[in-house]
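Below: one structure, written as C-alpha cells.
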2 protein chains.
Amino acid sequence: MKIGVVAARTGVAVHVLRHWEDEGVVVPDRTAAGHRDYTEEHVSRLRIVRSCQRVGLSLASIRLILHRDEAGRTEVIERHLQHVRNQKNELDAAEAFLTHVLTCRHDLMSRCDSCSAYAAG
Amino acid sequence: MKIGVVAARTGVAVHVLRHWEDEGVVVPDRTAAGHRDYTEEHVSRLRIVRSCQRVGLSLASIRLILHRDEAGRTEVIERHLQHVRNQKNELDAAEAFLTHVLTCRHDLMSRCDSCSAYAAG
DNA sequence: TCTTGACCTCAGGTCGACCTGAGGTTCTAG
DNA sequence: CTAGAACCTCAGGTCGACCTGAGGTCAAGA
C-alpha cells in the first residue's frame, strides 16, 4: 500500500508518516523503486501510535512499546501505566475545577474554597 | 514575596516563573526597585497552573482560565472540559492496552484481538 | 564599605513533533 | 510516449515550553 493511500485511510499526513519512519516508530517496507510499502500490520500500528499520542506518549516511548525487543521496554511501559493511572485522578480534579471556574464569582482564588482545593493539588 | 522564595515554595524554577509572567499567565507585582513581588494569591495561581499543565493545558489556555475578563473564556473552558472527559475514556483504553502489551505474545498486532481493538479505538 | 548572593533584562539555544519547499525520480492515464 | 500526479531525499523553518548565559543592578551581612 502506498504512502498516499495510507495517509488517506489513517488521516495521518504523508510528511508525518515519513517523520514517524525517521523516528523508527512505524517503518514500512520499500518497493524496488524505493517507494514506501505499507501492510495492514503497519496500518494497525499507525492507529495505535495515534491512540498512544492522545494520552501523551512521546514517539520514543511509542516506538519502545511497539518493538518487543527493545531494552528497558517493560520498565517504560510500567512507568507509563503508572502515569496513566495518576492521570485519571488529575483529570477528575481538573474536571471539577474547570466546571467550578465557569461560574466562580470570587475575585481571589485564594479566598475560594473550591479553587484553593484545586491549588492544593 | 521574592521570586526565589516562591520558587522554593512551589517547586517552579525561577526562570520558569519569569517565563510564565512573559506569557501573562501569572504576573506578579513589582517592588520600587523592579523586583518581582508575589502574594499568596499568586502562589495559589501558580499551583493551579501546574495542575492544569498536568492535564495537558497550554499556557495560553491556562491564562484564559485564570483571567475572567478574557474574551472567549467560556468557550475555551467548555472545550477543555469536553477534552478532559474524552481523555478519561482514552486513558481507560490506553491502560488496558499497556497492560495487555506487557504480556502479549503475538508477533503481529493485526492478528491480536486486544491490540486490534485498541488500534480500532 | 565591601562582598556576595539574589535579582533584573535580553538574546540565543534546545527539544519534540511536526511542516514546508527545493530539486529530482517514478508511476499511470490518455 | 508524454504530462501530471505521486513519490523520493534533504535542508531548513515553526511552535510551545522551557533553559542558559552574558552583563548589569540591588540588598543584606561582616
Side-chain angles (χ1 to χ4, degrees), chain A residues 1-39 42-43 45-66 70 76 79-80 83 90 94, chain B residues 1-39 42-43 45-66 70 76 79-80 83 90 94:
Chain A
M1 202 182 321
K2 290 192 293 181
I3 196 169
V5 175
V6 174
R9 274 189 55 187
T10 60
V12 179
V14 167
H15 65 85
V16 176
L17 291 172
R18 294 204 262 250
H19 177 58
W20 290 0
E21 175 180 0
D22 290 346
E23 298 299 313
V25 180
V26 175
V27 180
D29 306 326
R30 294 288 179 138
T31 65
H35 288 194
R36 291 172 179 79
D37 191 13
Y38 291 84
T39 65
H42 290 121
V43 171
R45 284 166 182 253
L46 291 171
R47 297 196 208 277
I48 287 171
V49 174
R50 272 300 191 223
S51 294
C52 286
Q53 281 194 320
R54 282 197 294 270
V55 296
L57 300 201
S58 67
L59 290 180
S61 292
I62 297 170
R63 189 184 90 196
L64 216 67
I65 290 166
L66 293 183
E70 302 216 28
V76 169
R79 209 154 41 66
H80 281 303
H83 180 252
E90 291 282 354
Chain B
M1 202 181 325
K2 287 193 294 180
I3 196 169
V5 176
V6 174
R9 273 188 56 187
T10 59
V12 178
V14 167
H15 65 84
V16 176
L17 291 172
R18 294 205 262 250
H19 177 58
W20 290 0
E21 174 179 359
D22 290 347
E23 297 299 314
V25 180
V26 174
V27 180
D29 306 328
R30 294 289 179 140
T31 65
H35 288 194
R36 290 173 180 78
D37 191 14
Y38 292 83
T39 64
H42 289 121
V43 172
R45 285 165 183 254
L46 291 171
R47 296 196 209 278
I48 287 172
V49 174
R50 271 300 191 223
S51 294
C52 285
Q53 280 194 320
R54 282 198 293 271
V55 295
L57 299 201
S58 68
L59 291 181
S61 292
I62 297 170
R63 189 184 90 195
L64 216 66
I65 290 167
L66 293 183
E70 301 216 27
V76 169
R79 210 153 41 65
H80 281 302
H83 180 252
E90 291 281 353

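In what follows, chains carry the letters A, B, and so on, assigned in the order in which the sequence lines appear, proteins first and then strands, with residues in each chain numbered from 1. Keep in mind the model is a prediction, meaning the values are calculated, not measured.
Take A:D29 and apply the side-chain contact (heavy atoms from CB on, under 4.5 Å) test, not counting sequence neighbours, and it matches A:D37, A:T39, A:H42. In this view, A:E23 satisfies the side-chain hydrogen bond (donor to acceptor under 3.5 Å, both in side chains) rule with no residue, not counting sequence neighbours. Applying the side-chain hydrogen bond (donor to acceptor under 3.5 Å, both in side chains) criterion to A:R79, with sequence neighbours excluded, gives no partner residue. Shown here are the side-chain hydrogen bond (donor to acceptor under 3.5 Å, both in side chains) partners of A:R45, two or more places apart in sequence or in another chain: A:E41. Legend: residues meeting side-chain hydrogen bond (donor to acceptor under 3.5 Å, both in side chains) with B:E21, ordered by chain and number and at least two apart, are B:R30, B:R36.
Proximity of A:L46 to A:W20: side-chain heavy atoms (C-beta onward) are separated by under 4.5 Å at one or more points. Using a 4.5 Å cut-off on side-chain heavy atoms (C-beta onward), B:Q53 and B:I62 make contact. The shortest side-chain heavy-atom distance between B:L66 and B:V49 falls under the 4.5 Å cut-off. A 4.5 Å side-chain heavy-atom check between B:I48 and B:C52 finds at least one atom pair inside the cut-off.
Of the residues in residues 25-37 of chain A, A:A33, A:H35 come within less than 4.0 Å of DNA chain C through at least one heavy atom, sorted by number. Residues from residues 5-22 of chain A that place a heavy atom under 4.0 Å from any atom of DNA chain C, listed by number: A:H15, A:V16, A:H19, A:W20. Remark: B:S58, B:L59 in residues 54-65 of chain B come within less than 4.0 Å of DNA chain D through at least one heavy atom.
In the 5' to 3' direction, nucleotides of DNA chain C lying under 4.0 Å from heavy atoms of chain B begin and end at C:dC7 to C:dT9.
Sorted by first then second residue, the salt bridge (Lys or Arg N to Asp or Glu O under 4.0 Å) pairs that include residues 3-13 of chain B, not counting sequence neighbours, are B:R9-B:E40. Within the structure, side-chain hydrogen bond (donor to acceptor under 3.5 Å, both in side chains) contacts touching residues 55-66 of chain B (residues at least two apart or in different chains) are B:S58-B:S61, B:S61-B:H80, B:R63-B:E70.
The separation between A:M1 atom CE and D:dC7 atom P is 13 Å, rounded to whole Å.
Between A:R54 atom CZ and B:H83 atom NE2 the span is 9.5 Å, to the nearest 0.5 Å.
Backbone-only contact: A:Q53 has heavy atoms under 4.0 Å from sugar-phosphate atoms and none from a base.
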Under 3.5 Å, sequence neighbours excluded: what are the donor-acceptor pairs made by side chains of residues 10-18 of chain A?
{"unit_1": "A:T10", "atom_1": "OG1", "unit_2": "A:V6", "atom_2": "O", "d": "2.7"}
{"unit_1": "A:T10", "atom_1": "OG1", "unit_2": "A:V12", "atom_2": "N", "d": "3.2"}

